[in-house]
Trainee: 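Okay, here's the structure, questions in a sec.
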Protein chains: 2
Amino acid sequence: MAVAMKSCALARDPLYMQVCELLTRRIAGGTWKPNGALPNEMELAREMGVSAGTVRKALEKLEADRLVVRRQGRGTFVVDQAAPEAASRFDRLRRADGVPLTWSSRLLSRSGGEPALSEQRMLQVGPGEAVARKQRLLSVSGRKFAVESACLAVERLTGLDPDDREVGDWNLASLAQHHGVHLARAYEEVRLVAAERETAALLGVDAGTTLMLLDRVIMSIEQAPIEWRSATCHVRDEYYLAEVA
Amino acid sequence: MAVAMKSCALARDPLYMQVCELLTRRIAGGTWKPNGALPNEMELAREMGVSAGTVRKALEKLEADRLVVRRQGRGTFVVDQAAPEAASRFDRLRRADGVPLTWSSRLLSRSGGEPALSEQRMLQVGPGEAVARKQRLLSVSGRKFAVESACLAVERLTGLDPDDREVGDWNLASLAQHHGVHLARAYEEVRLVAAERETAALLGVDAGTTLMLLDRVIMSIEQAPIEWRSATCHVRDEYYLAEVA
DNA sequence: GCGAATTTGTGCGTATGTATT
DNA sequence: TAATACATACGCACAAATTCG
């Protein structure tokens, strides 16, 4: 580990970034379970042959990336990406009273195989890289709310069999956690669109009704697009909440 | 400065946070001009009687808060909040091709005085705290695009005369920079609304047309709401872009 | 083109403070 | 109270980027 700096003429990552990457791999590899504690900073420093300050800097970055949480007096813990707070962090729709929107879903269809052109563009995948798709009808307290199409870049999830049961109606957060991918952030585009005939029929509105279209691409820490979701929403009091930093 | 730690039994901010606050005040006070360089780290450490590491940590926080930028080999510089990149950071509307939307504006009206109830709620001000208001018609390449109402918590801008010329059709970024306020982030709510008669008339659309309503509150670093803007937008190809971290 | 000077970035080591168990 | 673990603070050395002669 510490060897790397002087012996290699090529520009390498700083030592703390290497520590960061190693810890990331170990967390993804399951060395420590979600909600489990990492060894303390001194311990990690000794194991890896670096200074405590270097480990500290690496852990600070991991915490900023939401892979771990650190608590004074307790320790450093692996964040459970499948826990509700973490998993719903990309859902920005709110009820009129500000509470995060919850819905029930009915699977309309699913498929897989080669990506369409739009999917290649949104997910930055080549024509040959397999994707999985699903289409769902979302309902909010009994009311038909949205038609959602989602597309997953399955090959970016290490060791995932595209025909696996869990790809059926996948849960992105837990799927990612179990296949070595850490979700970092999302880009979401909000548009107004006129309802097409089929969509209108599914939502029970007149064709041509103006709906809210949400296109969301969720990216991994390595900046690779993982999932593209396109939801056509029949909003009433509900709203989209953005926090601009 | 360094005295504070042991002599005082009360829980005080950590030293680096005190340095941070001092530097923030000095930047707001104009000790160093926008785009100007701060003294180097060693210098600051000597001046303030703290270690270089403490100054470093303070500067890292200031950089995270976008008050300064630091460049290896060059120095640490005050961010010009009025520069286009900084000032337009809260504008999330995009043209169809992804380019940030630009507009021209026509001032429809302006006023000031006691806040209405909605303004008290959105800006978290009391009934007695003065606000300033303006209403504008925004056009995009000749097309009437939006009716915008903005409301400013003038009393949060230190030393600002509510009847000042610059409050007429204020520029929030430069107004904030000149009155000791640092804009940190914004909360924006996106809704679908039916155009009311007056709004429809101003935008040249039929009453009842579905429009995009954007409610944005910009907050200072101290978490105080500074400006509330409510824009009713007649979007066509344009879209709202959110980045969810 | 090159080297010296300047400034931030990285890394190491140590001591002490503070929250938790 | 004691032990543990992260948080803060200090100081030093060298690497890397930038600027300038």
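The structure presented is a predicted model; accordingly, all values stated were derived computationally and were not measured. Residue numbers begin at 1 in each chain, while the letters A, B, ... track the order of the sequences.
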Trainee: Not counting sequence neighbours, which residues clear salt bridge (charged side-chain N to carboxylate O under 4.0 Å, His left out) with A:Asp80? List them please.
Mentor: none
Trainee: Would you tell me if any nitrogen or oxygen in the side chain of B:Arg70 comes within less than 4.0 Å of OP1 or OP2 on C:dT7?
Mentor: no
Trainee: Tell me the salt bridge (charged side-chain N to carboxylate O under 4.0 Å, His left out) pairs involving residues 16-31 of chain A, sequence neighbours left out?
Mentor: A:Arg26-A:Glu47
Trainee: Starting at CE of B:Met17 and ending at C1' of C:dG17, how long is that distance when rounded to a whole Å?
Mentor: 17 Å
Trainee: Looking only at heavy atoms, what is the nearest atom pair of B:Ala82 and B:Ala87, with distance?
Mentor: O-CB, 4.0 Å
Trainee: Just to be sure I understand the geometry, which residues of residues 51-69 of chain A put a non-hydrogen atom under 4.0 Å away from DNA chain C?
Mentor: A:Ser51, A:Thr54, A:Lys57
Trainee: Can you tabulate the close N/O pairs, meaning under 3.5 Å, that link protein atoms to atoms of nucleotides 18-21 of chain D?
Mentor:
from: D:dT19; atom 1: OP1; to: B:Arg74; atom 2: NE; distance (Å): 3.4

Trainee: Anything under 3.5 Å between a donor and an acceptor, one on a side chain of residues 237-245 of chain B, the other on a protein residue two or more places apart or in another chain? List them.
Mentor:
from: B:Glu238; atom 1: OE1; to: B:Arg236; atom 2: N; distance (Å): 2.6
from: B:Glu238; atom 1: OE2; to: B:Arg143; atom 2: NH1; distance (Å): 3.1
from: B:Tyr240; atom 1: OH; to: B:Glu188; atom 2: OE1; distance (Å): 2.7
from: B:Glu243; atom 1: OE2; to: B:Arg92; atom 2: NH2; distance (Å): 3.3

Trainee: Please list every donor-acceptor pair under 3.5 Å in which a side-chain atom of residues 178-187 of chain A meets a protein atom from a residue at least two apart or in another chain.
Mentor:
from: A:His178; atom 1: ND1; to: A:Ser174; atom 2: O; distance (Å): 2.9
from: A:His179; atom 1: ND1; to: A:Leu175; atom 2: O; distance (Å): 3.0
from: A:Arg185; atom 1: NE; to: A:Tyr187; atom 2: OH; distance (Å): 3.2
from: A:Arg185; atom 1: NH2; to: A:Gln223; atom 2: OE1; distance (Å): 2.6

Trainee: Could you tell me which non-hydrogen atom of B:Leu44 sits nearest to which non-hydrogen atom of B:Pro39, and how far apart they are?
Mentor: CD1-O, 3.6 Å
Trainee: The criterion is side-chain contact (heavy atoms from CB on, under 4.5 Å); which residues satisfy it with B:Ala86, sequence neighbours excluded?
Mentor: B:Gln81
Trainee: Rounded to whole angstroms, how far apart are CG on B:Leu15 and P on D:dG11?
Mentor: 11 Å
Trainee: How long is the line joining CZ of B:Arg46 and C1' of C:dT7, in whole Å?
Mentor: 14 Å
Trainee: Within this structure, what is the CG-to-P distance between B:Leu44 and C:dT7, rounded to whole angstrom?
Mentor: 11 Å
Trainee: Residues two or more places apart in sequence or in another chain: which of them pass salt bridge (charged side-chain N to carboxylate O under 4.0 Å, His left out) with B:Arg216?
Mentor: B:Asp91, B:Glu227
Trainee: Residues from residues 29-41 of chain A sitting under 4.0 Å of DNA chain D, heavy atoms only?
Mentor: A:Asn40, A:Glu41
Trainee: Of all residues at least two apart in sequence or in a different chain, which pass the salt bridge (charged side-chain N to carboxylate O under 4.0 Å, His left out) check with A:Glu43?
Mentor: A:Arg46
Trainee: Apply salt bridge (charged side-chain N to carboxylate O under 4.0 Å, His left out) to B:Asp161 and list each qualifying residue two or more places apart in sequence or on a separate chain.
Mentor: none
Trainee: Would you list the atom pairs, donor with acceptor, under 3.5 Å between side chains in residues 52-64 of chain A and any protein atom, with sequence neighbours excluded?
Mentor:
from: A:Thr54; atom 1: OG1; to: A:Ser51; atom 2: OG; distance (Å): 3.1
from: A:Arg56; atom 1: NH2; to: A:Glu41; atom 2: OE1; distance (Å): 3.4
from: A:Arg56; atom 1: NH2; to: A:Glu41; atom 2: OE2; distance (Å): 3.3
from: A:Lys61; atom 1: NZ; to: A:Asp65; atom 2: OD2; distance (Å): 3.0
from: A:Glu63; atom 1: OE2; to: A:Arg70; atom 2: N; distance (Å): 3.0

